[in-house]
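In what follows, a single structure is set out as structure tokens and then discussed.
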Amino acid sequence: MAAALSASREGVMVTLLEREKKTGGVLNQCIHHGFGLQFYRQELTGPEFAHKLQLEMNQHSVNVISESYVRHIDTMRKYVEVLSPDGVFIIQARAIVLSTGARERPFGSLMIPGDRPAGIYTAGLAQRMVNLENTLPGRRALILGSGDIGLIMARRLTLEGMEVLGVVERLPYPGGLTRNVVQCLEDYGIPLHLSHTVVEVRGKKRLERVLLSKVDENFNIIPGTQRWLKIDTLILSAGLIPQVEDLGEGLETDPVNRGFAVSNSCETSVEGIFAAGNNVAVFDLVDYVAAEGWIAGKNAALHARGERRKSPGIPIVRGKNVGVLVPTFIDPSEHLRVYLRLRKPMDRGVVISKELDIETPFNYGTPSEMIQFVINRDKLQGLKKAVKIEVIE
Ligand SMILES: Cc1cc2nc3c(=O)[nH]c(=O)nc-3n(C[C@H](O)[C@H](O)[C@H](O)COP(=O)(O)OP(=O)(O)OC[C@H]3O[C@@H](n4cnc5c(N)ncnc54)[C@H](O)[C@@H]3O)c2cc1C
């Protein structure tokens, strides 16, 4: 929506294709506060944030076609093949912004032995049931994985009258934002079991019990620490995966981010195709997603008008302690907005890049909270070889 809006403000014709009935994506089901502090300088709920963007889109005459699923893109010719209730149609675009978001890691990929009964849900699905469909997934739940969606659902299910036995995390630190650990678990007395996981699932038709175990740093079961918990609902919050599959040829992905490889102008490996949001990397704040969408939309409009050429792109290389890192390439014509996740929690550290001439210290960082900084494009002129970013303890 932010991309559509900024492209439209540049004066080009914009069509937004959305497979759901309503625009807004995951924001529509996030009815808690905590959105928009940077982008709108207001604390909003998810639906409020989406509504504000929708109102602005209406003013700028963005053509929204909902219930339309993009099945394939001919990336060279910019043909977009769309499935809709009225049949298949093709849109010929001049430039395209991909903002397909992320999907949840499914139960099958966790390889937990035991039965496959009803009562196992991903956190996003449970959130949709409770917040949009007014249905409770069960009565007595355990949350597996301490990502933000899991933490928020622990509180949400408690408020709706379910008994939440706890949140289980195999790492020795939580996967979600610190503010969510405090506001969603500690404030409600919900236990967080770090270095623990579920190692067996049992139930005939409906889930009846799970086996909980403490694990070591390599996630091996520690003998003698296992205990059965009687529950009818297991909520999985085991991570999001950028949604990049099968959209079109030649769109490179970043192996660590698992999303589209983009430059700081949000252009993918194919000229005229841009990407922004959770299909590039899983961002923790919608403000970052919207800010990136805004840049993607502006540059897509410039491309559509024939006013910009693809930059060859200077690669950014991950150094020590750097996990997720956006962008993958530097386009010196745009300010460089860097988003990075640490590989492990650190009490203090310094982000260093000799090529960019930065040395930025920080106090306490964790992989769940992105470190973000901006480098003025003036500092990027004259860069020729790869840029390395690392974090030293
Ligand atoms: C539970 C939860 C809590 C959060 N809490 C906060 C918070 O407190 N504060 C905060 O700032 N951020 C929060 N976030 C993060 C923020 O909401 C997201 O990062 C952001 O909304 C993601 O936007 P997106 O556009 O990348 O993806 P999405 O919102 O997933 O949007 C992608 C859209 O693309 C559509 N789509 C996908 N594929 C196709 C296709 N092939 N054809 C047509 N349409 C397609 C989907 O239907 C969807 O509407 C939270 C996220 C979650 C899940």
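What you see below is based on every heavy atom in this structure, not just the backbone, and it leaves out hydrogens, waters and symmetry mates. Both counts, for ligands and for their atoms, begin at 1 and track the order of listing. The chain is numbered in sequence order, starting from 1.
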Judged by non-hydrogen atoms, does Arg179 sit under 4.0 Å from ligand 1? yes
Element-labelled atoms of ligand 1 that are located less than 4.0 Å from some non-hydrogen atom of Gln243: 37 (C), 38 (N)
Between Ser99, Gly25, Gly293, Gly101, flag the one that comes closest to atom 34 (O) of ligand 1 by a heavy atom. Ser99
Identify which of Leu98, Val289, Leu240, Ile31 has a heavy atom lying nearest to atom 23 (O) of ligand 1. Val289
Quick check on contacts: which atoms of ligand 1 are under 4.0 angstrom from a heavy atom of Gly277? 26 (O)
Less than 6.0 angstrom from the centroid, inside 45 degrees of the normal: does Arg19 satisfy that with respect to the ring of Tyr69? no
Pull out every atom of ligand 1 sitting under 4.0 Å from any heavy atom of Glu20, numbered as shown with elements. 47 (O)
Per-atom contacts, ligand 1 versus Phe283 - under 4.0 Å to a heavy atom: 19 (O)
Does ligand 1 have an atom that lies less than 4.0 angstrom from a heavy atom of Gly124? no
Using heavy-atom distances, let me know which of Cys30, Gly259, Ala281 sits nearest atom 52 (C) of ligand 1. Cys30
In ligand 1, which numbered atoms sit nearer than 4.0 Å to a non-hydrogen atom of Val26? 17 (O), 21 (O), 28 (P), 29 (O), 53 (C)
Can you list, by chain and residue number, the hydrophobic cluster partners of Val198 when the side-chain cut-off is 4.5 Å? Phe107, Leu110, Ile112, Ile120, Leu142, Leu144, Leu165, Val168, Val201, Leu207, Val210, Leu212, Leu229, Ile231, Leu234, Leu236
Of all the atoms in ligand 1, which lie at a distance below 4.0 Å from a heavy atom belonging to Ile152? 3 (C)
Part of His32 with heavy atoms under 4.0 Å of ligand 1, whether side chain, backbone, both or neither: side chain
Charged N-O contact under 4.0 Å between Arg128 and Glu20: yes
Sorted by chain and number, sequence neighbours left out, side chain to side chain contact (heavy atoms under 4.5 Å, CB included) with Arg41 holds for none
Element-labelled atoms of ligand 1 that are located less than 4.0 Å from some non-hydrogen atom of Gln127: 1 (C)
